[in-house]
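The structure under discussion appears below in the form of structure tokens.
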Amino acid sequence: MDLDLPAPPVSKKQKLGGYDFYRSIGSPRYVVAPMVDQSELAWRMLSRAPLPSSLAGPSTITPPTPEGRTYTRHTGGADLCYTPMIHAKIFASSKTKSKGSDGQFDVTHGEEGAEDLLAGIEGGDRPLFVQFCANDPDQLLAAAKKVEAHCDAVDINFGCPQGIAKRGNYGAFLQDDWDLIQKLVGTLHTNLSIPVTAKFRLHPDPVRTIAYAKMLEAAGAQILTVHGRTREMKGQFTGLADWEMIKKVKEAVSVPVFANGNVLYGEDVERCLELTGCDGVMSAEGNLSNPALFLPPSHPHAHPSMTVLAHRYLDIVASLRTPTGNSAMKSHLFRLLKPVLDKQPDETLRIEIAKSRDVEELRAVVRTIEGILKPDVDAAGPSWRPPPIDPKTGYRDLPTWVAQPYIRPLPTSGPSDPAPDPSEATAATSAAGPSSPPRSYLPTISRCINPSCPHSAATKCPHGACLTHCRSLLATRGGMDEAQAEKEASEGGLVGKGCEEHEAKVRAREERMAQKRKHAKEARGSGTEKEKRRKTVHAEGKAGWNASLHGEAGNEEERFMAGLAS
């Protein structure tokens, strides 16, 4: 595919670009992805230093960059973090005294993007890229101007594949509007004092993917992040990322490239760097399940206790002046603690997390889980080490109490199709690289039985249909006119008329939403008490960090050692 690219825009600001810029921020290899409501400041700090130095080993200082700048590298920590995706239009129009939108990027407290000691962690929140989604160059520039003094680069999201991005016309749904993409990137490149970078997904056509990457580079993007999946590969259709295609992008451009996708274990990180030739590896899901993901596989705590990480995260939250949203804290604990939550006979612990209103209440739940896991931790003993990855499946068998990746369950294809054989490598697996293990979570999903329906069939529906067409099908069998049945079902009607599997799922979802509304109402009614607890927890957390800085044994270290001791 021939690509007639315009001349690169000329920046009005004197700034570094490409590899000069990459080296100026310490040549980062290990990167935490932008995640909505998930890569907030507290989680970024945990990801930069997941374990205390007494367990992780000593931190190191990078050699001075050509500009004389150095960075603190904590063992197992990320070298670079991205903020959650921020909606540029909302952020640009926000009105606060500090000219920022504290709900999305807190400028008031001065901690986001700070370079000094933060939450007891040397180096603070740098390097940092702030990511925006946008479809208007002027709004994007106005938003970026608010943060350019607090970060190292501004990233544009061209990769979000979710429905909200489609409705808002941003993310991966700008993929075919190259004129607009060039304007978005070029406007920031021309007018910001810091570089602009871009994160995007693959196009189904490999030739067009390469042309797309070259266009982003020509428009002014100084680092590219390639998510090795297409826009359609999400949810049940996620599959494996295509490392071979990422490698081709890397070979086609002259700016640094980060690879994103297929990283579950520490071994995957180095393998991805080797097979793709990329300059860095970005992790999202792997990081959420194990923020110590970047520890070397040989490290004795490469898979630390999930409750140790949970406590450390809550300690960081309590020590920061920047508030951390309840939704973010709960989301992280649900993901970190998922292996043990899934094995509980009832939903009590999940409900307790959902009901929690602050750090103190969440910590109480973590302590309860510590008690549940203690027999297994004691049985494992301090000499426990993770087993090797099984070459047949691509996974390692890990005990419940350690941080571990989320493995998507293998769904069935439909009512009459057998489940795929997990031992058989698929084409998508091969695409990930010649030494990729067969990783059996690759789904084989059938579409809804209605040929005009774009949705997938529910895995347990006996009719092989989505909810709407399951209800309309059974209503039709009961004597209703087919057109009328489909019309009512598509408008949310015929409730309770679907198969038992579908209706049970709907009932469970409604019960969860009712509980969330109830808990939100209770939380709104206890604002004064909640603020008092928050201040108390903040003071206690700050005192704990001060103690650890003066050489005293911090609570999190004691918890960790007690958890590993027999």
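Counting from 1, the numbers follow the sequence of the chain as shown. Remember, predicted model here, so these are calculated numbers, not experimental data.
Contacts of R385 classified as salt bridge (charged side-chain N to carboxylate O under 4.0 Å, His left out), with partners at least two apart in sequence or in another chain: none. By the ring pair (Phe, Tyr, Trp, His ring centres under 6.0 Å) test, H150 pairs with no residue at all, sequence neighbours left out. Applying the salt bridge (charged side-chain N to carboxylate O under 4.0 Å, His left out) rule to K250 yields the partners D279; only residues at least two apart in sequence or on another chain are considered.
Ring planes of Y313 and H332: perpendicular class, angle over 60° (limits at 30 and 60°). Note: Y265 and H303 have perpendicular aromatic rings, judged against thresholds of 30 and 60 degrees for the angle between ring planes.
Proximity of N262 to D268: side-chain heavy atoms (C-beta onward) are nowhere separated by under 4.5 Å. In this structure the side chain of R29 never reaches within 4.5 angstrom of the side chain of V281, judged on heavy atoms. Proximity of V147 to F132: side-chain heavy atoms (C-beta onward) are separated by under 4.5 Å at one or more points. Within the 4.5 Å cutoff, the side chain of K199 has no heavy atoms near those of the N157 side chain. The shortest side-chain heavy-atom distance between R69 and E115 falls under the 4.5 Å cut-off. V365 places none of its side-chain heavy atoms less than 4.5 Å from the side chain of L333. Contact check for L295 versus L51: side-chain heavy atoms found under the 4.5 Å cut-off. For the pair D106/P323, a side-chain contact is recorded, criterion being any heavy-atom separation below 4.5 Å from C-beta on.
The backbone N or O of Y395 lies less than 3.5 Å from no partner atom in the side chain of D390, so there is not a single donor-acceptor pair. At distances below 3.5 Å, at least one donor-acceptor pair connects side-chain atoms of T75 with backbone N or O atoms of P58. Under the 3.5 Å distance criterion, the side-chain polar atoms of W401 are left unmatched by any main-chain donor or acceptor of T307. With hydrogens and angles disregarded, no donor-acceptor distance shorter than 3.5 Å links the side chain of R201 to the backbone of A172. In terms of modelled atom types and a separation under 3.5 Å, the side chain of E270 and the main chain of G266 share no donor-acceptor contact. In this structure, the side chain of T83 engages the main chain of Q131 through a donor-acceptor pair within 3.5 Å. Under a 3.5 Å cut-off, the side chain of R44 and the backbone N or O of S39 do form a donor-acceptor pair. Between the side chain of S59 and the main chain of T72, no donor-acceptor pair closer than 3.5 Å is present. Without hydrogens or angle criteria, E112 side chain to L41 main chain gives no donor-acceptor distance under 3.5 Å.
Remark: L118 CG to L320 CG distance equals 5.5 Å, nearest 0.5 Å. The line from CZ of R357 to NZ of K330 is 9.5 Å long, rounded to the nearest 0.5 Å. Rounding to the nearest 0.5 Å places CZ of F258 at 5.5 Å from CG of L80. Here the SG-OH distance, from C81 to Y30, works out to 14.5 Å after rounding to the nearest 0.5 Å. Note: I316 CD1 to T324 OG1 = 9.5 Å, rounded to the nearest 0.5 Å. The distance from atom SG of C133 to atom CD1 of I86, rounded to the nearest 0.5 Å, is 9.0 Å.
Between the side chains of Y71 and R73, no donor-acceptor pair of N or O atoms lies under 3.5 Å.
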Check against side chain to side chain contact (heavy atoms under 4.5 Å, CB included), R335 and L341: CA-CA 9 Å; R335 178 61 73 98; L341 294 175; over 6 Å; no
Stepwise, does the side chain to side chain contact (heavy atoms under 4.5 Å, CB included) test hold for L362 with I353? CA-CA 6 Å; L362 289 169; I353 292 175; 4.0 Å; yes
Run S47 and N287 through side chain to side chain donor-acceptor pair (under 3.5 Å) and show every step you take. CA-CA 8 Å; S47 299; N287 164 264; 3.1 Å; yes
Stepwise, does the side chain to side chain contact (heavy atoms under 4.5 Å, CB included) test hold for V402 with W384? CA-CA 11 Å; V402 303; W384 179 85; 3.8 Å; yes
Intermediate values then yes/no, salt bridge (charged side-chain N to carboxylate O under 4.0 Å, His left out), R363 and D358: CA-CA 9 Å; R363 200 188 299 280; D358 54 30; over 6 Å; no
Could you walk me through whether N290 and Q404 pass the side chain to side chain contact (heavy atoms under 4.5 Å, CB included) check? CA-CA 6 Å; N290 180 13; Q404 55 196 276; over 6 Å; no
Please walk me through it: do R312 and D315 pass salt bridge (charged side-chain N to carboxylate O under 4.0 Å, His left out)? CA-CA 5 Å; R312 183 164 170 81; D315 286 345; over 6 Å; no
Do R48 and E122 pass the salt bridge (charged side-chain N to carboxylate O under 4.0 Å, His left out) test, and can you show the C-alpha distance, the side-chain angles, and the key distance before you say yes or no? CA-CA 10 Å; R48 293 180 191 276; E122 294 284 350; over 6 Å; no
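The shortest non-hydrogen separation linking V226 to V257 is CG2-CG1, 3.8 Å. Heavy-atom minimum distance, N260 versus A241: O-CB, 4.1 Å. Q38 and S331 make their closest contact through NE2-CB, 2.9 Å (heavy atoms, listed as atom of the first residue, atom of the second, distance). Summarising the geometry of K355 relative to E361, their closest heavy-atom pair is O-OE1, 4.0 Å, with the distance given to 0.1 Å. A pairwise comparison of heavy atoms in A114 and R126 identifies O-CG, 3.6 Å as the closest pair. Minimum interatomic distance between A49 and H74 (heavy atoms only, all atoms of both residues): CB-CG, 3.7 Å.
Other residues, nucleotides and ligands contribute at most 12 non-hydrogen atoms within 6.0 Å of the CD atom of E274. When the shell of 6.0 Å around CD1 of I61 is examined, it contains more than 12 heavy atoms from other residues, nucleotides or ligands. Residue-environment remark: CG (D397) stays at or below the threshold of 12 foreign heavy atoms within 6.0 Å.
A cation-pi contact, defined as under 6.0 Å to the ring centre and within 45° of the axis, links K146 to F91.
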